[in-house]
Amino acid sequence: MKNTVKLFAVVLLFSLGYTTKAQFHHDFSLSSTIEDYSSNWYSDDAGCFLRSIKNGADHIYYYDLSVDGVRNAGSSLVVRTPVMSFNGNFDITIEYTFASSSSFTVWTNFAVPPGPSSWTNGDYTYNVPGTNGARSSYTIRSSSLTGSYRPLIQCLQAGVIIHSITITNVVYAPGPGCSVTNGGGCTDSDTDGVCDDADDFPNDPDKAFSAVMPQKNWMYEDLYPNYGDFDFNDLVVSSEREVITDADNILRVLKVKATVSAAGAAISQGWALELKGISPSDVLSVNGNSLTEGVLVMGANGTENGQTNAVIPMFDNFKTISNNNGSQFLNTVKTDAMGTSTPVEVVIEFAKGSELGREDLDFNFFSFRTNDRGHEIHEMGFTPTDLANNALFGTGKDATDLNNGASYVSVDGFPWAISSMGGDYAIEKVDMVQGFLKFAAWAQSGGVSFQDWHTNMSGTYRNAANIY
Amino acid sequence: MKSKVFIAAVAVLALVSCAKKESQVGAGSNVGSFSEIKTPMGFDFSSTQTITVQLPKHEGVAPGTRSIITIEDAEGNALLKYNADLSQETTLPLELPATTDELFYTSTSGLRETIKISNKIATFK
């Protein structure tokens, strides 16, 4: 039995390095014991190095034989040493390699008993020198502590490799139960290469990341190519967009939630999205849109036929997804009953083989007349789709000149469609300049001044009586 | 004499030009309708900006070493999630409100860091 205990102690001393009364020293090797954190930063496997697969790549370090040190795939390297007893002044020295000559910063901190997550004496050490790929030693912390703590060392730089750690004037007692763990192990249920804790879709190998785009409001004047009353509420659509990519950053799904906020118009309109530069064949399927009028010719994958770029209608008539509740218009007259509308949530799935990324998304939302598909209205500078009626260009007040990059711009430089980050809009037949009091100054400054014209709620920015 | 007249004419033109620019930039409060707005050439009424997110190459990192980058807005909405190859530089476009001048990321150690947007470029360190 005594021999067994001795052997166990020898194995532990070998695996955790050697200790003397005065210091802790460990050379990392294949035998280094690195345990996974469970619930207590101080006491979990107190005799072992600790890492956290729950806290992401920075915390998942492992011994790499090819470089004879511990490393990870994070933007920093977090190593938690075993618990040890401090006796006053101490130095922490690491032997390390960093490929660049650039210096970096190290954060040290000390887990306090009994845990689970209390810390003391944390501090930064700046200008730890880069080593140009050579092994080098550097004392990263000199301080004073008394009592038992678990030190944390965080090199705030991707690519640092630590070969050994020495802490002076401490007593370290190896604890039982340490086992050797190597590799970057984490739970990856769908085996897509993204750990479950970082995977927004941990059980779907075709999806890994979800990101949103800023909410936006599109406002239209529907008498294009002629001028109207400039209330820009003939059709108001708010949208939310979510982009889903896989572990290789390939675009897999685009979700668009479109809500008709207002419609101060009699003309029936639809609303659609052209994805510029994306072929219809890159789209696998489209679901969730509202197409009831039979005015669009659709392909089997849910994109509109006859288009070079993928065009996905969100709805083909706002009147079929909204209810004025007896009012003449939808939510543009304050004294009228408030109307409702049902949001459409369109899910566009992209073929994996498309090799598209999020960066390939180039949105071109536009309205079109339900009973005149070619009558499109885009934001200024956005191009018409292949099915737009180009005969409208140059008529009325329109000054579109596609050869010179001018589209959906009037002879006075005005748009028929405006998008904003705000959710509100002018009331019926009131010029939007009369509601948003800084809009004109913003426009006349070329967008430099009063960029918050639509979001600032102060009295000097808006006349609330003229905003719905 | 001719050169004096020429200089005077240039000065007058310069003054007129400056006055016009000031009236355009500073005006607005006296504009009562959309049709009175005078915009600078090329202004497209866009309320957004497209910035470039730069993910720099990390020296000393083995090819194919990846790290998941998450960039958020001030409200904590994830605007970009990207499985970046740290061994090479990556640039990505990102559409933002024109008013946005900083982004945020939370490092895996839990620290919330700020990324300032400068000249429509946000560099992730």
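Hydrogens, waters and symmetry mates are skipped; everything else that's a heavy atom, side chains included, is used. Throughout, a chain's letter reflects where its sequence line sits, starting with A, and its residues are numbered from 1.
- Thr245(A) is not listed as a side-chain neighbour of Lys81(B), based on a closest heavy-atom distance of 4.5 Å or more.
- With respect to the salt-bridge test (charged N to carboxylate O, under 4.0 angstrom), the residues Lys38(B) and Asp412(A) do not qualify.
- Of residues 207-219 of chain A, those residues lying under 4.5 Å from chain B by any heavy-atom pair are Phe209(A), Ser210(A), Ala211(A), Val212(A), Met213(A), Pro214(A), Lys216(A).
- Scored by the ring pair (Phe, Tyr, Trp, His ring centres under 6.0 Å) test, His378(A) finds Phe366(A), Tyr408(A) as partners (sequence neighbours excluded).
- Looking at Trp453(A), the atoms closer than 4.5 Å to chain B (heavy atoms on both sides) all sit in the side chain, from C-beta outward.
- Contact annotation: the side chain of Asn83(B) never approaches that of Asp248(A) to less than 4.5 Å [non-hydrogen atoms, C-beta and beyond].
- Ranked by heavy-atom pairs under 4.5 Å with chain A, the first of Thr99(B), Leu79(B), Asp44(B), Leu94(B) is Leu79(B).
- At a threshold of 4.5 Å between non-hydrogen side-chain atoms, the residues Glu36(B) and Gln444(A) do not count as touching.
- Here the side chain of Glu379(A) pairs no donor or acceptor atom with the backbone of Ser46(B) at under 3.5 angstrom.
- For the pair Glu359(A)/Thr91(B), no side-chain contact is recorded, criterion being any heavy-atom separation below 4.5 Å from C-beta on.
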In sequence, state the C-alpha distance, the side-chain angles, and the governing distance for Ser33(B) and Val433(A), and then conclude on side-chain contact (heavy atoms from CB on, under 4.5 Å). CA-CA 6 Å; Ser33(B) 69; Val433(A) 168; 5.8 Å; no
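- Residues passing the ring pair (Phe, Tyr, Trp, His ring centres under 6.0 Å) test with Phe34(B), sequence neighbours excluded: Phe230(A), Phe232(A), Phe414(A), Phe439(A), Phe45(B).
- Contact of Leu92(B) with chain A is made through the side chain alone, with heavy-atom distances under 4.5 Å.
- Under the 4.5 Å side-chain criterion, counting only non-hydrogen atoms from C-beta, Ser445(A) is not in contact with Phe43(B).
- Taking Gln49(B) as the reference, Ile51(B), Leu96(B), Thr100(B), Lys120(B) meet the side-chain contact (heavy atoms from CB on, under 4.5 Å) condition, with sequence neighbours excluded.
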